[in-house]
Amino acid sequence: MEIIQKQAEEAVKTMEIIQKQTEEAIKSTDEIQKPTEDTIIDTIIEGIDIVRTFKMGEVEVRALRSVNVRIRRGEFIAIMGPSGSGKTTLLNQLGLLDTPNSGKVIIDGTDTSRLSDSEKGKFRLHNLGYVFQDYALLPELNAMENVYISLIMQGKSKTECESAAAEILSAVGLGDRLQQLPSKMSGGQQQRVSIARALAHSPEVLFADEPCANLDSQTSKEVLDLFEKFNQEKGQTIVMVTHEEWHAEYADRVIRLKDGIIQG
Ligand SMILES: Nc1ncnc2c1ncn2[C@@H]1O[C@H](COP(=O)(O)OP(=O)(O)O)[C@@H](O)[C@H]1O
Ligand SMILES: [Mg+2]
């Protein structure tokens with residue numbers, strides 16, 4: 001009897017220890033998961049230990065080697081660095097156009113590494129906007145339709161999409177060219193259509209990969225002035241890759257990459 005009682009007492013003690021450990025574990029995960037005030041208010045994108053390597057036959061290219069970035073809501077960021085330093089690769093990780101080998105990207109509190117491919121697609125559609133150096137417009141659609149089609153994909157009504165498309169095209173200075181086909185527009189005008197398309201749904205973040213690479217300096221200035229306007233007037237967060245120092249002067253902060261590593 002005595003032995004059984006002793007065993008029971010031991011068992012109760014063990015239970016108590018386990019319970020205490022569990023409570024402590026819960027408490028500490030609470031502490032880890034609880035975002036600080038700073039994260040809630042300020043951080044829109046956090047890239048943590050991002051590694052991206054590409055296999056080229058036998059050779060492994062280490063495009064990003066454990067990159068950490070934190071971007072605040074409303075910031076205008078320029079990503080700079082020599083050709084091949086990993087700028088596009090970093091933009092694609094932060095913009096969810098590619099998946100890192102390891103590390104994660106948190107956008108507006110969502111740990112995107114936990115999203116399935118289709119959830120990621122929806123997240124991109126509703127929360128992010130993209131501008132590329134080659135504009136990526138649909139050639140058979142006019143300016144209005146190019147913007148309209150991306151809004152329709154978000155499930156908005158036809159009238160809502162039409163008025164939103166016209167409004168944003170006016171905001172980029174193309175109110176008088178709604179029916180024009182891309183082939184009848186200059187490079188600068190085409191890029192403005194693509195900016196309108198990217199911003200029509202008021203994305204949390206606008207990503208732009210060398211948006212002025214194919215434009216002369218006057219037209220580049222017009223595009224950058226537009227970015228500045230949306231950043232200052234609407235608080236639009238912008239992450240832009242560029243290799244021109246004068247473009248980077250528009251940004252609040254420059255992230256410099258070299259060989260897949262952030263400098264200083
Ligand atoms: N899809 C890919 N397949 C193989 N290598 C790639 C791929 N994308 C990028 N790389 C390599 O990763 C490195 C960084 O590329 P990238 O991010 O495009 O540089 P940047 O935009 O700064 O010019 C380069 O060495 C490039 O060749
Ligand atoms: Mg690039």
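By convention here, the first residue in the shown sequence is residue 1. Counting convention: from 1, in listed order, for ligands and their atoms alike.
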- Query: Counting both backbone and side chain atoms, is some N or O of Gly86 under 3.5 Å from an N or O of ligand 1?
  - Reply: yes
- For Phe54 and ligand 1, does the shortest N/O to N/O distance drop below 3.5 Å? no
- Task: Answer yes if a protein heavy atom lies under 4.0 Å from atom 10 (N) of ligand 1, otherwise answer no.
- Result: yes
- Under the 4.0 Å line, does any protein heavy atom show up next to atom 26 (C) of ligand 1? no
Quick one: nearest non-hydrogen protein atom to [atom], plus distance?
| atom | value |
| --- | --- |
| atom 17 (O) of ligand 1 | Thr89 OG1, 2.5 Å |
| atom 13 (C) of ligand 1 | Gly84 O, 3.7 Å |
| atom 12 (O) of ligand 1 | Ala63 CB, 3.4 Å |
| atom 18 (O) of ligand 1 | Thr88 CB, 3.7 Å |

- Task: Give a yes/no answer: is there an N/O/S atom of Thr89 under 2.8 Å from the Mg ion (ligand 2)?
- Result: no
- side chain to side chain contact (heavy atoms under 4.5 Å, CB included) with Asp108: of Thr237, Ile44, Ile45, only one passes, and it is Ile44
Counting each atom of ligand 1 from 1 as listed, which ones have a heavy atom of [X] under 4.0 Å away?
| X | answer |
| --- | --- |
| Ser83 | 23 (O) |
| Pro82 | 22 (O) |
| Val61 | 11 (C), 12 (O), 25 (O) |

Closer than 4.0 angstrom, basic N to acidic O: yes or no for [X] and [Y]?
| X | Y | answer |
| --- | --- | --- |
| Arg73 | Glu204 | yes |
| Asp225 | Lys221 | yes |
| Glu60 | Arg52 | no |

- Query: Which class fits the ring pair Tyr130 and Phe207: parallel under 30°, tilted 30 to 60°, perpendicular over 60°?
  - Reply: parallel
- Task: Look at the side-chain heavy atoms of Ile, Leu, Val, Met, Phe, Trp and Tyr, link any pair under 4.5 Å apart, and say whether Phe230 and Leu174 land in one connected group.
- Result: yes
- Which atoms form the tightest heavy-atom contact between Val131 and Pro211, and what is the distance? CG1-CB, 3.9 Å
- Message: Determine whether Asn231 and Gln236 satisfy the following criterion, side chain to side chain donor-acceptor pair (under 3.5 Å), listing intermediate values before the conclusion.
- Response: CA-CA 4 Å; Asn231 174 248; Gln236 178 66 55; over 6 Å; no
